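In this text, all values refer to a predicted model and were calculated from it rather than measured experimentally. Throughout, residue positions are numbered sequentially from 1 according to the sequence presented. Order of listing sets the numbers, starting from 1, for every ligand and every atom in it.
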Amino acid sequence: MEKIIIFDTTLRDGEQSPGASLEPKEKLELAMQLERLGVDIIEAGFPVASSGDFDAVCLVAKSIKKTFICALARAIKKDMDTALKALKKAKYPRLHIFLATSKIHMKYKLRKAEDEILNIASWAVKYAGRYIDNIEFSPEDASRSEPEFLYRVIEAVIDAGATTINIPDTVGYAVPDEFGDLIRNIKSNVPNINKVVLSVHCHNDLGLAVSNSLSAIKNGARQIECTVNGIGERAGNASLEEIVMAVKTRRDFFGFLTSINTGEIYKTSKLVSKLTGLIVQPNKAIVGQNAFAHESGIHQDGVLKKCTTYEIMKPGEIGLSSSSIVLGKHSGRHAFKDRLKKLGFNLRESELEKAFRFFKELADKKKFIYDEDIETIIDGKLKEVSQTWKLIYFHISAGTHTVPTATIKLKSKDGVFNEASSGDGPVDACYKAIDKITRIKGELKNYSIQAVTSGKDALGEVTVHVRSKGNIATGKYASTDVIEASVKAYLNAINKLISKLK
Ligand code: KIV
Ligand code: ZN
């Protein structure tokens with residue numbers, strides 16, 4: 001099966017993302033990971049742009065020995081000399097020369113006529129050819145160039161010695177059918193095109209970079225330029241992981257291979273995000289944190305029965321250990337039971353029902369239910385002691401300029417009782433009101449509160465040690481409302497003390 005060459009430009013175009021800037025050492029760390037990922041070519045930088053970029057390309061070039069290292073240059077002697085110097089120690093070097101061919105770029109940016117552009121392009125490739133064999137040429141803004149002129153430039157640079165012709169959709173203007181047609185037309189209108197590898201480089205301004213690249217593959221492109229996480233100038237470049245996984249998952253449709261070791265995708269994505277500071281959106285295809293997460297009960301049930309019901313790729317294919325079933329308010333019994341089993345709880349059917357009810361109550365208050373929440377539900381709620389006193393409600397009033405007061409309503413087999421109290425704080429006020437109702441003067445020996453899960457909506461677990469008449473009892477309760485947790489933990493201890501006194 002024929003192969004699609006993966007040209008990674010994370011270190012060059014990716015680094016052009018606003019806000020992303022990489023030190024030479026960081027570029028090397030990333031280049032080493034890109035090599036493990038199995039990309040065919042690493043575009044390491046634009047050496048003339050800054051001394052930092054020059055150093056980074058030198059460092060990557062001398063350290064990476066299995067992968068082609070590419071450096072970018074304009075069709076200017078100084079650029080090409082600097083890039084060639086930076087590539088000096090590369091085992092497999094490539095020079096990438098670009099020159100704009102669209103009317104708008106030639107007229108306003110370069111202020112040159114068509115013939116001048118044609119001559120410069122051909123001169124630059126010939127000049128580079130004196131020093132290097134592997135030359136890629138990009139007619140910048142190709143997708144907005146006049147096709148006839150574009151064909152002439154491509155033919156001329158191939159004659160001058162270019163070995164790869166890259167067609168950039170520089171401003172992300174193309175749409176898939178049109179871009180595919182452009183590639184097909186280049187193949188049929190440039191007489192010497194079969195001497196080179198045809199490549200594409202798509203930007204994502206209309207969110208079409210991956211679609212345009214895939215359409216190009218269908219129409220004859222054999223090299224794709226892309227970046228990890230799709231980072232790059234403005235809206236970014238075609239995302240490497242999306243292209244690779246599309247080609248792999250739909251091999252039936254595309255009929256190509258890549259040499260990417262897809263098991264390294266997730267790790268590479270994480271590293272790129274860490275080093276560039278560019279966070280991956282949660283719903284990003286392939287590497288977003290939700291890409292393999294199933295929230296709806298119907299989907300969770302389906303995935304647990306047979307993962308292919310809702311998963312077209314296995315999480316392991318990109319290096320994730322498993323799909324994450326995110327428990328939340330849409331989760332059903334099946335997913336809940338499965339998670340309990342994984343956490344080592346083997347509950348009887350009646351306990352399971354009860355735990356599931358607590359889980360649903362919590363899920364109404366809290367968006368994501370973590371494993372620790374479930375453990376707290378089982379430990380704190382299923383193993384409840386006999387409840388002499390049960391909380392009906394509490395109300396507190398507290399603030400910077402008010403005396404904290406609490407009203408508590410409790411129920412016992414003798415009826416419903418109501419009391420109010422003030423205190424040193426809302427918790428103290430609640431405890432005093434409870435003491436009035438239960439007529440047990442609990443001495444609070446210890447009070448602690450701990451967030452047991454992450455996030456602002458974390459469960460707070462309160463632990464109290466209460467002493468009465470020489471007995472000590474521990475009470476625990478977890479809730480997203482810390483006052484509720486405090487009240488219920490105290491009542492839990494009081495009920496234990498009552499059992500001990502009986
Ligand atoms: O987007 C672009 O046109 C480029 C070229 C340098 C290939 O990045
Ligand atoms: Zn680009």
Side-chain angles (χ1 to χ4, degrees), residues 5-18 20 22 39 41-50 53 57 68-76 79-80 82-83 86-87 94-106 108-110 117 120-121 124-125 128 134-145 149-150 153-154 157 162-174 179 182-183 186 196-210 212-213 216 221 223-240 243 276 278:
I5 299 165
I6 299 296
F7 176 114
D8 180 277
T9 182
T10 308
L11 301 181
R12 198 279 295 170
D13 214 323
E15 204 214 7
Q16 286 173 221
S17 305
L22 297 166
V39 304
I41 297 137
I42 296 172
E43 187 167 48
F46 187 10
V48 84
S50 71
D53 227 18
V57 177
F68 275 88
I69 303 300
C70 178
L72 184 68
R74 288 169 296 182
I76 296 174
D79 278 37
M80 292 189 285
T82 312
L87 286 172
R94 171 179 291 191
L95 182 69
H96 180 185
I97 304 166
F98 72 102
L99 180 64
T101 51
S102 66
K103 274 201 164 127
I104 190 160
H105 277 232
M106 290 190 294
Y108 296 104
K109 188 179 85 174
L110 302 172
I117 293 292
I120 295 169
V125 173
N134 196 320
I135 302 169
E136 171 168 326
F137 181 85
S138 289
E140 192 191 7
D141 206 15
S143 54
R144 293 194 300 169
S145 302
F149 178 59
L150 185 64
V153 173
I154 295 172
V157 294
T163 46
T164 296
I165 296 297
N166 178 49
I167 305 300
D169 181 25
T170 302
V171 289
Y173 180 73
F179 196 63
L182 174 64
I183 299 304
I186 288 172
V196 295
V197 173
L198 191 52
S199 165
V200 293
H201 172 112
C202 298
H203 277 272
N204 208 27
D205 299 68
L206 293 173
L208 295 171
V210 169
N212 284 336
S213 306
Q223 173 181 288
I224 301 294
E225 300 201 355
C226 46
T227 59
V228 176
N229 298 341
I231 63 171
E233 187 81 40
R234 303 183 309 281
N237 290 64
S239 133
L240 178 148
I243 302 272
T276 59
L278 299 172

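At least one N or O atom of H203, backbone or side chain, sits closer than 3.5 Å to an N or O atom of ligand 1. In terms of polar-atom proximity, defined here as any N/O pair under 3.5 Å, D13 does make such a contact with ligand 1. Looking at T170 next to ligand 1, an N or O pair under 3.5 Å apart turns up.
Donor-acceptor pairing under 3.5 Å is lacking for the side chains of T170 and D141. No donor-acceptor contact under 3.5 angstrom links the side chains of N237 and T227, judged on distance only.
The Zn ion (ligand 2) lies at the vertex of an angle of 100° between the NE2 atom of H201 and the NE2 atom of H203 (rounded to 10°).
A salt bridge does not link E225 to R12: none of the charged side-chain nitrogens sits closer than 4.0 Å to a carboxylate oxygen.
Although no hydrogens or angles enter the test, the distance criterion places no donor-acceptor pair under 3.5 Å between the side chain of S102 and the main chain of S145. Remark: the backbone N or O of G230 is not paired with any side-chain donor or acceptor of N204 at under 3.5 angstrom.
Residue K103 qualifies as open at atom NZ: its count of foreign heavy atoms under 6.0 Å is 12 or below.
For H96, every heavy-atom contact with ligand 1 shorter than 4.0 Å involves the side chain, none the backbone.
Under the 30°/60° scheme for interplanar angles, the aromatic rings of H203 and H201 are found to be tilted.
Per residue D13, closest N, O or S atom to the Zn ion (ligand 2): atom name OD2.
Among H201, E140, R12, the residue whose heavy atom lies closest to atom 6 (C) of ligand 1 is R12.
Annotation for ligand 1: atoms under 4.0 Å from non-hydrogen atoms of F98 are 6 (C).
Look at Q16 and you'll find every heavy atom at least 4.0 Å from all atoms of ligand 1.
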